[in-house]
Structures are given as C-alpha cells and as structure tokens.
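Okay, structure first, notes after.
Predicted, not measured: the structure shown is a model, and the values here were computed from it. In what follows, every chain begins at residue 1, and chains take the letters A, B, ... in the order their sequences are listed.
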Number of protein chains: 2
Amino acid sequence: MKVKNNRLEALRMIISSQQLGSQEELLAALQKEGFRLTQATLSRDLKQLKVAKAASMSGNYVYVLPNETMYKRVSTPNSVREMMEVPGFLSINFSGNMGVIKTRPGYASSIAWNIDNSDIPQILGTIAGDDTIFIVIREGCSKREVTETLSRFIPNMK
Amino acid sequence: MKVKNNRLEALRMIISSQQLGSQEELLAALQKEGFRLTQATLSRDLKQLKVAKAASMSGNYVYVLPNETMYKRVSTPNSVREMMEVPGFLSINFSGNMGVIKTRPGYASSIAWNIDNSDIPQILGTIAGDDTIFIVIREGCSKREVTETLSRFIPNMK
DNA sequence: CCCAATTATGAATAAATATTCCTAACATGA
DNA sequence: TCATGTTAGGAATATTTATTCATAATTGGG
C-alpha cells in the first residue's frame with residue numbers, strides 16, 4: 001500500500017534526522033508531514049521498521065534506526081577460548097564465487113597468508129587489506145565445501 | 001559501587017548472549033545469576049547502559065546493546081555522504097556480485113574505510129588499493145539494491 | 001466487476017517501562 | 001568519629017507503548 005510505505009519512509013527520514021524520544025513526538029512529526037495516524041499504528045510501524053528506543057548521551061531517550069551489528073549475539077560461553085584459537089578472525093561470508101573474511105584490524109594479511117599456504121584446492125587465491133580478506137573460490141566448489149576445509153584450521157569459524 | 005558494576009556487567013553479558021524481550025525476562029536472568037533487584041532498578045540500569053529494545057526478525061522484541069552507528073544522524077555528515085563529497089571519489093560500477101569504485105590516487109583506502117564503517121548490510125566487504133576499491137555484494141542483493149541504499153545518503157546517485 | 005482473503009487502522013485497553021518520592025547505604029573530609 | 005553530600009534502590013505510580021478487538025480498506029483471482 002502506497003500510503004503506508006510513504007509513511008514508513010517518512011518515518012525513517014524523521015528518525016534519521018531528528019532526535020525524538022517518544023511516540024507522541026514521532027506522531028507529531030509525522031502529522032506535520034501530513035500523515036494522519038494514531039499511536040497504535042505508529043507502534044506497529046516502528047516494530048516493522050525495527051526501530052529501537054535507546055538512551056542518548058544527554059540522558060533522554062531517542063529512537064534509532066536498526067543496523068546489522070546490533071543483532072549480533074556472541075555464540076557460547078567458551079567464546080573466550082575460541083577467540084584464542086585464531087586471533088583476529090571475525091566472520092566469513094560468501095557471495096557468488098567470492099568469500100569475504102572480516103578480521104580485527106591488522107590481522108587480515110596473516111590469516112590470508114595461512115590460507116594461501118594451506119594449499120586448499122577449492123581456493124584459487126586471496127587478497128588481504130587491513131581487516132578484510134577476499135577469497136576467490138574455484139568454479140564449481142560450494143561454500144560449504146570451502147567452509148568445511150577452512151574450519152580445519154579456523155575452529156571458531158562455525 | 002561494586003554490586004552495581006557487577007550487575008551492569010552481567011546485564012551486558014546476558015543481553016549480548018541471549019535474546020530477551022522484556023525487562024521481566026531480563027530480571028529473571030539477572031536473578032538466576034544471583035542479583036536481587038526490581039524492575040525499577042533494571043530500567044535505570046538499561047538506561048545507563050543505553051540498551052535499546054528493538055523488534056527482531058522473528059516478530060518479537062529484543063534488547064540490544066548500543067553501538068556507535070545507531071546514534072548517527074544525517075545532520076551530522078554521514079560517512080557515505082562524506083565519501084561522495086570528498087574530491088577523491090570518481091566513479092562506481094558493478095559487475096556480477098562485485099562493485100568497483102575508482103578514486104583519485106591515494107584516496108581509495110580512506111573511502112573504503114568509510115564504506116566499511118557505514119554498516120551497509122548489502123556489502124560484505126571492501127578491499128582498497130591505491131585508486132581502486134573492490135566491493136563484494138551480498139548474494140541476492142542486486143546492484144540496484146546497493147545503489148538504493150547508497151542513494152539514501154546520496155540523492156543524486158539514482 | 002465481485003467476492004474472498006489479506007492488510008491496514010483506530011479505539012480502548014493491557015502490558016511494559018520510566019520516574020517520583022523516599023529511605024538507606026556509602027564515601028569523604030575535618 | 002561525625003556530619004554531610006552523593007549514589008543506589010524499592011514501592012508506588014505515571015507514562016509510554018504494545019496488543020486486542022473490531023471495522024474498513026485494498027488486493028488478487030475468477
């Protein structure tokens with residue numbers, strides 16, 4: 001529905017540009033933009049947009065837009081031990097024939113070196129920045145296959 | 001005070017490892033850890049820690065720990081916007097699941113840093129040379145989607 | 001175009017959360 | 001030590017926010 005989507009978009013804009021601390025204030029802002037709705041609907045909109053309310057530095061509350069990192073959960077209680085195993089490793093993701101490893105700043109090249117010297121046939125090559133490694137995967141190899149192989153020396157991978 | 005700080009630390013741990021959706025649940029979790037307090041105190045703790053409550057993918061609410069980016073307002077120049085305003089940026093083009101940004105010599109790494117820190121979920125990672133940045137795009141995300149996201153910061157990009 | 005099914009929404013209300021108002025615990029300097 | 005300022009925290013309450021229960025609007029076949 002058009003009206004609703006416009007409203008959601010307006011809501012995003014309002015939240016990303018102003019610091020409002022209650023639904024009442026958001027409601028007023030939306031109404032100033034010409035949208036006619038009640039608090040009930042606004043509450044549902046906020047839920048759909050996954051907008052969060054958090055305390056601000058100034059001691060008030062602010063509505064904030066969601067982002068990837070805020071939903072991240074640490075996996076298990078032995079995560080400290082796991083962290084020791086391959087220091088610096090943060091995450092790995094795939095897209096098409098590429099893998100992207102994120103590391104702590106400065107760790108990328110040493111991890112990439114390890115991968116390069118492990119002679120993994122599924123991996124054609126890597127290139128490392130400061131905290132990111134790009135991996136090019138051999139044609140026809142699945143991500144799972146690569147993950148399995150990599151996890152032999154990155155135990156905290158998954 | 002010791003008790004309070006321990007409690008706040010425990011609270012952080014609980015929130016970062018579990019998905020709890022109400023103060024009642026958090027309260028129970030804290031009490032299981034041996035802390036004795038009421039909802040009122042918990043509310044104050046949450047405010048102090050700047051913990052936020054947001055809708056999760058599963059349709060419930062979750063408490064989430066704060067992070068830098070969630071407080072960013074577009075009025076305070078956003079990094080992607082900054083990137084586009086920076087004289088180093090030249091062009092962006094896509095091929096398959098990759099994007100290539102050309103910059104003036106020497107500018108690539110700082111622009112890539114800006115992209116990395118903008119928390120764009122469609123972008124898995126970037127690697128910068130001297131005047132070129134490679135971007136890997138999340139699977140299933142079209143370049144159009146990436147441009148959409150960028151155009152939220154750069155109106156004239158679309 | 002019509003109907004069924006879905007989606008959106010408001011009013012009222014339930015539920016959750018923040019704050020007010022105290023009191024108690026603690027810290028500190030004389 | 002005492003006096004005094006400061007922080008912590010509970011009970012009750014005010015405020016805010018989510019949901020329930022209906023209706024209305026909208027969409028997608030046929």
List the residues meeting salt bridge (Lys or Arg N to Asp or Glu O under 4.0 Å) with A:Asp130, not counting sequence neighbours, and say none if there are none. none
To the nearest angstrom, how far is [X] atom [atom1] from [N] atom [atom2]?
X	N	atom1	atom2	value
A:Asn6	C:dT9	CG	C1'	16 Å
B:Leu27	D:dG9	CG	C1'	13 Å
B:Leu49	C:dA18	CG	P	13 Å
B:Asn60	C:dA15	CG	C1'	15 Å
A:Asp45	D:dT17	CG	P	14 Å
A:Leu20	D:dT17	CG	P	11 Å
A:Leu11	C:dT9	CG	P	12 Å
B:Leu30	D:dG9	CG	C1'	14 Å

Quick one: list whatever passes side chain to side chain donor-acceptor pair (under 3.5 Å) with [X], sequence neighbours left out.
X	value
A:Ser109	none
B:Ser43	none
B:Asn97	A:Ser95

If the condition is side-chain contact (heavy atoms from CB on, under 4.5 Å), which residues does [X] pass it with, not counting sequence neighbours?
X	value
B:Thr41	B:Arg7, B:Leu37, B:Thr38, B:Arg44, B:Asp45
B:Ala54	A:Ala52, A:Met70, A:Tyr71
A:Ala28	none

Can you pull out how bent the helix from C:dC1-D:dG30 to C:dA30-D:dT1 is, comparing the axes over its first five and last five pairs, to 10°? 50°
Students often get this wrong, so: under 4.0 angstrom with heavy atoms, is A:Leu37 touching a base, only sugar-phosphate, or nothing?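 Sugar-phosphate, backbone atoms only, no base.
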ILVMFWY clustering at 4.5 Å (side-chain atoms), partners of A:Phe134: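 Members alongside A:Phe134: A:Met98, A:Val100, A:Leu124, A:Ile127, A:Val136, B:Met98, B:Val100, B:Leu124, B:Ile127, B:Phe134, B:Val136.
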A:Ile14 and A:Tyr63: side chain to side chain contact (heavy atoms under 4.5 Å, CB included), yes or no, with the steps? CA-CA 10 Å; A:Ile14 288 169; A:Tyr63 280 89; over 6 Å; no
Can you tell if the side chain of B:Ile101 reaches within under 4.5 Å of the side chain of B:Thr126, non-hydrogen atoms only? no
Between [N] and [X], is there an OP1 or OP2 to side-chain N/O distance shorter than 4.0 Å?
X	N	answer
B:Ser43	C:dA18	yes
A:Lys47	D:dT17	no
B:Tyr61	C:dA15	no
B:Arg7	D:dG9	yes

Shorter than 3.5 Å, N or O on both sides, protein versus nucleotides 11-16 of chain D: list them out with atom names.
unit_1 : atom_1 : unit_2  : atom_2 : d
D:dT16 : O3'    : A:Lys53 : NZ     : 3.4

A:Ile133 and A:Ala128: which non-hydrogen atoms are nearest, and at how many Å? CG1-CB, 4.2 Å
Polar-atom pairs under 3.5 Å, protein N or O versus N or O of nucleotides 22-24 of chain D: list them with distances, or write none.
none

Applying side chain to side chain donor-acceptor pair (under 3.5 Å), which residue pairs with at least one partner in residues 20-36 of chain B are found, sequence neighbours left out?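 Sorted result for residues 20-36 of chain B: B:Gln23-B:Gln39.
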